[in-house]
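The next block holds one structure in the form of structure tokens; read it before the comments.
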Amino acid sequence: MDGQLVQVSCASDSLSQSAALVVIPRQEWVELCAEVRRLGRENLEFRQQVGYWKSRHRDALCRIATLEQKIDQLEGEKRQLQADLFGRRSETKPLKDRSNHLDDPQDDSQHSKRKRGQQPENHGPQRRDYSRLPVREKFLELPPEQCVCPDCGQPLRLRSDTEDSEQIEIEVRAYRLKLQRRRYERTCTCEGSRTLTAPPPPKLIPKGRYGISVWVEILLDKYFTYRPTERLLSSWRLLGLNLAAGTVTDGLQRLELLLRPIYEAIKQRNPRGDLHQGDETRWRVFVLLEGKEGYGWWLWLVKGLDTVVYLLDPSRSHTVPENHYRAESRGVLMVDRYSAYKAMSWVKDGVVVLAFCWAHVRRDFIRVGKGWPKLKTWALEWLRRIRALYRLNDRRLVAEKGSAAFAEADGCLRQAVADMKTHMESELAQADLATPCRKVLESLQAHWDGLTLFVDDPRIPMDNNTSERLARGPAVARKNFYGSGSQWSGQLAAALFSIFATLSMWKLNPRKWLTWYFEQCAAAGGKVPENIQLFLPWNLSEEQKRELGDAGLPEGDDTS
């Protein structure tokens with residue numbers, strides 16, 4: 001090999017074992033090697049780019065999957081919010097039992113749609129007894145031209161008997177009560193004024209022009225039927241009474257002082273007992289407080305053994321129910337799953353035990369079924385399990401404690417609860433469980449102990465629907481007149497909501513009770529009576545309860 005040639009050994013063909021010698025000029029060999037190196041670098045670069053773009057493709061697929069999952073989650077949440085905003089909100093039992101617009105096929109097969117109104121298979125309601133109402137008699141006579149025989153024209157003779165019937169009427173009228181105080185003159189020679197005058201009647205508001213009946217109507221209309229005061233005043237104008245709104249406001253501020261001791265007594269009694277229910281709702285108070293933005297306050301309610309108390313506070317923190325209870329308070333508090341109740345010191349110390357509401361758990365599964373149609377079957381299965389718990393618990397409640405029927409219903413209920421817990425744990429152990437389902441079941445597992453307290457204590461209800469119904473009236477009032485215009489009027493609203501709800505628990509007529517209490521306040525010179533205990537429902541005698549009782553309602557009538 002010289003300086004210009006390169007000898008290269010190569011195989012002559014693929015089957016040959018011998019090698020042939022090829023002579024290539026050095027310059028070509030150098031160029032060939034450079035080309036091979038260049039192609040190697042290009043091949044390495046292309047391989048690197050292939051790996052890069054493959055990784056980018058994998059990342060894109062992961063991002064697409066994540067975004068699709070997020071879109072599915074957001075679409076479900078949007079459907080949930082639409083159902084919350086436009087869907088049915090009532091907790092009453094619908095015709096299709098408890099599936100609540102999820103269109104359970106089992107409900108469709110078991111319950112056919114029926115017409116509204118009285119059902120043929122049900123007995124009609126009993127006619128109500130109005131014999132307690134006062135009677136006004138009115139004689140109806142024939143016109144003079146008809147008091148003759150229609151055949152011969154001879155006059156008719158009036159008989160002593162009558163054919164009687166009755167109808168119910170209501171008369172609402174405003175009138176002026178003219179007080180004529182009798183004057184007397186002495187017939188003796190004693191010193192002093194010769195003339196004596198009967199004393200004036202006691203007034204609820206000293207020097208006030210309006211009597212007790214006016215203020216009772218105002219309070220009942222606003223805080224018992226939840227109507228704006230302006231509507232009441234407008235209806236009174238049709239009766240000829242033009243009452244100024246400012247006069248009503250001034251009178252209500254005075255009445256708040258008279259009702260405050262009754263409200264405080266109810267607050268003192270409410271924490272007693274070992275079973276309570278709690279809830280809270282928004283209430284606006286249009287005053288500016290330092291450090292608080294807006295006018296949103298909160299109206300808390302606590303239902304006790306024989307009292308209901310409403311607490312108005314600017315905050316929704318745990319300090320409100322915490323300050324309401326005392327060191328001697330014990331028992332169970334039935335609530336929703338709001339975190340403020342869990343943060344109470346009494347709960348952390350184990351003094352008060354929280355029982356949670358199954359109605360709120362139902363709503364979780366309903367929202368999943370409405371938000372994600374593909375999960376509707378899964379949600380319906382859980383709704384049927386919850387429905388079975390309600391039915392089994394109802395069977396246990398109607399059975400006499402200690403009887404064979406009670407033992408059977410109790411055993412079936414405990415077995416259903418155990419089966420539900422097993423289903424919950426097995427589904428949570430599934431790695432492919434959908435995110436909405438997992439969230440609902442994790443919440444169910446976290447609150448399981450409080451949700452199952454009713455199993456060992458039948459007195460504990462399965463839900464706090466009673467407290468939610470007690471909050472319904474103030475919620476209606478909030479929509480009708482938006483809240484309270486001042487702090488004192490907010491306190492008056494909380495006081496009267498508490499008084500009326502407590503009177504209803506004792507089956508006392510609020511109109512009779514208010515009239516009686518205001519009469520005693522008027523007798524005390526427009527001040528609070530000395531012994532406030534005499535007016536509290538739990539201190540009334542049996543005779544007073546009968547006199548103040550709501551006798552106008554038949555037994556078992558729906559007063560809501």
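In this view, Glu217 and Arg511 satisfy the side-chain hydrogen bond (donor to acceptor under 3.5 Å, both in side chains) rule, not counting sequence neighbours. Every residue was checked against the side-chain hydrogen bond (donor to acceptor under 3.5 Å, both in side chains) condition with Glu166, not counting sequence neighbours, and none meets it. Partners of Lys292 by salt bridge (charged side-chain N to carboxylate O under 4.0 Å, His left out), not counting sequence neighbours: none found. For Asp449, there are no side-chain contact (heavy atoms from CB on, under 4.5 Å) partners at least two apart in sequence or on another chain. Taking the salt bridge (charged side-chain N to carboxylate O under 4.0 Å, His left out) definition, one finds that Glu171 meets it with Arg136, Arg173, sequence neighbours left out. Taking the ring-ring contact (aromatic ring centres under 6.0 Å, His included) definition, one finds that His318 meets it with nothing, sequence neighbours left out. Under the rule for a side-chain hydrogen bond (donor to acceptor under 3.5 Å, both in side chains), Lys267 has no partner lying at least two apart in sequence or in another chain. Residues forming a side-chain contact (heavy atoms from CB on, under 4.5 Å) with Leu305 (at least two apart in sequence, or on another chain): none. For Trp488, the side-chain hydrogen bond (donor to acceptor under 3.5 Å, both in side chains) partners are Ser486, not counting sequence neighbours. Residues satisfying the side-chain contact (heavy atoms from CB on, under 4.5 Å) criterion with Asp336, sequence neighbours excluded, are Asp279, Glu280, Tyr338, Tyr341, His360, Asn464.
With a 6.0 Å cutoff to the six-membered ring centre and a 45° limit on the axis angle, Arg478 does not count as a cation-pi contact of Trp283.
A donor-acceptor contact shorter than 3.5 Å links the side chain of Lys512 to the backbone of Gly549. Judged by distance alone, with hydrogens and angles left aside, the side-chain atoms of Asp250 form no donor-acceptor pair with the main-chain N or O of Gly246 at under 3.5 Å. No donor-acceptor pair closer than 3.5 Å links the side chain of Trp300 to the backbone N or O of Asp313. Counting only distance, with no hydrogens or angles, the side chain of Trp506 and the backbone of Asp306 share a donor-acceptor pair below 3.5 Å. In this structure a side-chain-to-backbone donor-acceptor pair under 3.5 Å is present from His276 to Asn270. A donor-acceptor pair is defined here as one N or O able to donate and one able to accept, closer than 3.5 Å; such a pair exists between the side chain of Thr452 and the backbone of Trp448. The backbone N or O of Ala245 sits less than 3.5 Å from a side-chain atom of Thr249, completing a donor-acceptor pair. Side-chain atoms of Thr307 never come within 3.5 Å of backbone atoms of Gly304 as a donor-acceptor pair (strictly under, hydrogens ignored). Side chain of Arg282 to backbone of Ala475: no donor-acceptor contact under 3.5 angstrom is found. With hydrogens and angles ignored, the 3.5 Å screen pairs no side-chain donor or acceptor of Arg132 with any backbone N or O of Asp129.
Residues Ser315 and Val320 have side chains in contact (heavy-atom distance under 4.5 Å, counting atoms from C-beta outward). The side-chain heavy atoms of Gln277 and Val302, taken from C-beta on, include no pair separated by under 4.5 Å. In this structure, Trp358 and Val361 have side chains that are in contact, with non-hydrogen atoms separated by less than 4.5 Å. Contact of the Arg284 side chain with the Trp297 side chain is not registered, since no non-hydrogen atoms from C-beta on lie closer than 4.5 Å. You'll find the side chain of Pro529 reaches within 4.5 Å of the side chain of Tyr517, heavy atoms only. Looking at heavy atoms from C-beta onward, Ile218 lies out of side-chain contact with Tyr210 at the 4.5 angstrom threshold.
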Intermediate values then yes/no, salt bridge (Lys or Arg N to Asp or Glu O under 4.0 Å), Arg330 and Asp274: CA-CA 6 Å; Arg330 295 292 186 274; Asp274 58 353; over 6 Å; no
Audit row: Glu468, Arg363, salt bridge (Lys or Arg N to Asp or Glu O under 4.0 Å) steps and yes/no: CA-CA 14 Å; Glu468 290 199 345; Arg363 295 174 198 172; 3.0 Å; yes
Check against side-chain contact (heavy atoms from CB on, under 4.5 Å), Val309 and Lys303: CA-CA 7 Å; Val309 65; Lys303 176 187 176 296; over 6 Å; no
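Centroid-to-centroid, the aromatic rings of Trp513 and Phe535 stay 6.0 Å apart or farther.
A salt bridge does not link Arg260 with Glu264: none of the charged nitrogens is closer than 4.0 Å to a carboxylate oxygen. Note on Glu230 versus Arg237: salt bridge recorded, some NZ/NE/NH1/NH2 to OD/OE distance being below 4.0 Å.
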Using atom types as modelled, flag every donor-acceptor pair under 3.5 Å from a side chain in residues 495-505 to any protein atom, sequence neighbours excluded.
unit_1, atom_1, unit_2, atom_2, d
Ser498, OG, Tyr310, N, 2.8
Ser498, OG, Ala494, O, 2.7
Thr502, OG1, Val308, N, 3.1
Thr502, OG1, Val308, O, 3.2
Thr502, OG1, Ser498, O, 2.8
Ser504, OG, Phe500, O, 3.0

Scan the side chains in residues 434-445 for donor-acceptor partners under 3.5 Å anywhere in the protein, sequence neighbours excluded, and list what turns up.
unit_1, atom_1, unit_2, atom_2, d
Arg438, NH1, Leu428, O, 3.1
Arg438, NH2, Gln430, O, 2.5
Ser443, OG, Arg337, NH1, 3.3

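Using cut-offs of 30° and 60° for the angle between ring planes, the Phe365 and Trp382 rings count as parallel.
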